[in-house]
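Scroll down for the structure; my scribbles are underneath it.
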There are 2 protein chains.
Amino acid sequence: MSLGYTKGTDMLDSEQCPDCKRINEVLSRVGDRWSVLVVISLSRYGTLRFNELKRHLGISQRMLSLTLRELERDGLVNRTYHPTIPPKVEYSLTPMGESFREPVRALGHWALENQAIIDAARETYDAAAEGQNAGKPAVPSI
Amino acid sequence: MSLGYTKGTDMLDSEQCPDCKRINEVLSRVGDRWSVLVVISLSRYGTLRFNELKRHLGISQRMLSLTLRELERDGLVNRTYHPTIPPKVEYSLTPMGESFREPVRALGHWALENQAIIDAARETYDAAAEGQNAGKPAVPSI
DNA sequence: CAGCATCCCGTATGATACTG
DNA sequence: CAGTATCATACGGGATGCTG
């Protein structure tokens, strides 16, 4: 959502497969944690107010504000402003936002499925690495 | 892959749905651009050497090195070192790495499908925003 | 309540230089 | 070629304070 990485990688246009560029753009757009979490929350609850989302996600006001604006701009969420006192603003998913749930779920599903395996792999790897550094001072760190 | 966001959001554990935590971890793990791009490249070409990946992705040496190490640690890629001169190191996907392709493809597919729509939505949104700032000095910026 | 503006810090990441 | 070490920088994102 342009909140995340979109800049760097200026080098990424002289070389290789345009797909990589493409995918990069894709990830830049929907890859940031907050956007995904907001979409998921909205998809589950239908409609939420600003502070409801804030509390629910444990996101800072600033990031929620930025994220919602981007999501609205990208056409993934609807923003409904009720000029009451106090003001009330409700957010919900647009059809496109809804369609985004699927791929996200797929990703989430995979991750949940493999989380344990990954953790195990890490332990194994780290253990092996330990062996390598057996003799070393093991970094005193600060 | 722990390269990306993993810290912040320390606030994210006193409140709401554990799913959000979960998904956050998920995204922390596979959400960074380079990991995804590396996996995609490897899945397409089967086996690639360090510099092949580097050129192919337009990634800096540093990030590729870090990314590959994490991917290996997480058990997503195999690293084969050939102690020849000059040295030759080949990377390929593990079965788990292969299984990761699916969700990634789903995401990529969605994004490609909706990219145009999103762009259109942005233009509309920006145009509308323009209207709002019609009278304003339009930020002299520096 | 909704949301913008500021300040500030940690870290992700690219550039450069060096090694086996 | 494959990688590590170091430096510099920008961006992500939280804390705080203000407005309507």
Side-chain angles (χ1 to χ4, degrees), chain A residues 1-15 24 27-28 31-38 48-72 77 79-91 129 132-133 136 139 142, chain B residues 1-15 24 27-28 31-35 37-38 47-70 72 77 79-91 129 132-133 136 139:
Chain A
M1 305 315 193
S2 87
L3 285 180
Y5 30 79
T6 314
K7 18 63 196 171
T9 314
D10 308 283
M11 55 204 299
L12 211 180
D13 51 346
S14 39
E15 308 91 2
N24 233 314
L27 294 178
S28 300
D32 74 289
R33 64 185 330 132
W34 297 129
S35 295
V36 173
L37 290 175
V38 165
L48 290 172
R49 300 180 57 176
F50 188 86
N51 278 321
E52 287 177 334
L53 272 169
K54 181 169 174 299
R55 280 192 299 275
H56 189 74
L57 298 178
I59 182 179
S60 69
Q61 214 169 35
R62 179 175 186 275
M63 290 319 294
L64 180 55
S65 187
L66 290 173
T67 302
L68 284 172
R69 195 189 309 157
E70 282 304 306
L71 287 174
E72 188 196 356
V77 314
R79 186 192 123 114
T80 315
Y81 177 68
H82 302 278
T84 57
I85 295 181
K88 176 178 177 181
V89 182
E90 295 184 315
Y91 294 91
Q132 298 301 314
N133 307 327
K136 304 178 184 177
V139 179
I142 257 196
Chain B
M1 307 316 192
S2 88
L3 285 179
Y5 30 78
T6 314
K7 16 64 196 173
T9 314
D10 307 285
M11 55 202 303
L12 212 181
D13 51 345
S14 40
E15 307 93 0
N24 233 314
L27 294 179
S28 300
D32 74 289
R33 45 151 36 99
W34 297 130
S35 295
L37 290 176
V38 166
T47 296
L48 290 173
R49 300 179 58 176
F50 187 87
N51 278 322
E52 287 177 333
L53 271 169
K54 181 169 175 296
R55 280 191 298 274
H56 190 73
L57 299 177
I59 183 179
S60 69
Q61 215 168 34
R62 179 195 153 77
M63 289 318 296
L64 180 56
S65 187
L66 290 173
T67 301
L68 285 172
R69 196 187 306 158
E70 282 304 306
E72 187 195 356
V77 313
R79 185 194 123 113
T80 315
Y81 178 68
H82 302 276
T84 57
I85 296 181
K88 176 179 179 180
V89 182
E90 294 184 316
Y91 294 91
Q132 299 300 315
N133 306 328
K136 305 178 183 177
V139 179

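Remember, predicted model here, so these are calculated numbers, not experimental data. Labels below follow one simple rule: chain letters A, B, ... track the order of the sequence lines, proteins then strands, and each chain is numbered from 1. All values below were derived from every heavy atom in this structure, side-chain atoms included, with hydrogens, water molecules and symmetry-related copies excluded.
Annotation for A:Leu48 and A:Glu52: closest pair CA-OE1, 3.3 Å, computed over non-hydrogen atoms. The minimum heavy-atom distance linking A:Val38 with A:Leu57 is given by the pair CG2-CD1, 3.6 Å.
The separation between A:Leu66 atom CG and C:dC4 atom C1' is 9 Å, rounded to whole Å. Going from atom CD of A:Gln61 over to atom P of D:dT16 covers 12 Å, rounded to whole Å. Rounded to whole angstrom, the span from the CD1 atom of A:Ile59 across to the P atom of D:dA15 amounts to 12 Å. Residue A:Glu72 contributes atom CD, which lies 9 Å from atom P of C:dG3 at whole-angstrom precision. When rounded to the nearest whole Å, the span between CZ of A:Arg69 and C1' of C:dA2 equals 12 Å. In this structure, A:Arg79 atom CZ and C:dA2 atom C1' are separated by 8 Å, rounded to whole Å. Between the OH atom of A:Tyr91 and the C1' atom of C:dC1 there is a distance of 11 Å, given to the nearest Å. We find that CE of B:Met63 is positioned 14 Å from C1' of D:dC11, with the value rounded to whole Å.
Contact annotation: B:Tyr81 side-chain N/O to C:dG20 OP1/OP2 distance is not under 4.0 Å. Between A:Arg62 and C:dC7 there is no side-chain polar atom (N or O) within less than 4.0 angstrom of OP1 or OP2. Between B:Ser60 and C:dA15, a side-chain N or O to OP1/OP2 separation shorter than 4.0 Å is absent.
Side-chain contact check for A:Tyr81 versus A:Val89: some heavy-atom pair is nearer than 4.5 Å.
Nearest nucleotide to the B:Phe50 side chain, out of C:dG3, D:dG13, D:dA2: D:dA2. Among the nucleotides D:dC1, C:dA2, C:dG3, the one closest to the side chain of A:Asn51 is C:dA2. In this structure, the nucleotide among C:dG3, C:dT13, D:dA2 sitting nearest to the side chain of B:Arg49 is D:dA2.
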Applying side chain to side chain contact (heavy atoms under 4.5 Å, CB included) to A:Leu64 and A:Asn51, what does each step give before you reach the verdict?
CA-CA 9 Å; A:Leu64 180 55; A:Asn51 278 321; over 6 Å; no

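When each of B:Lys88 and A:Pro87 is assigned the nucleotide of DNA chain D bearing its nearest heavy atom, the one mapping closer to the 5' terminus is B:Lys88.
When each of A:Lys88, A:Arg55, A:Lys54 is paired with A:Arg49, the side chain to side chain contact (heavy atoms under 4.5 Å, CB included) condition holds for A:Lys88 and for no other.
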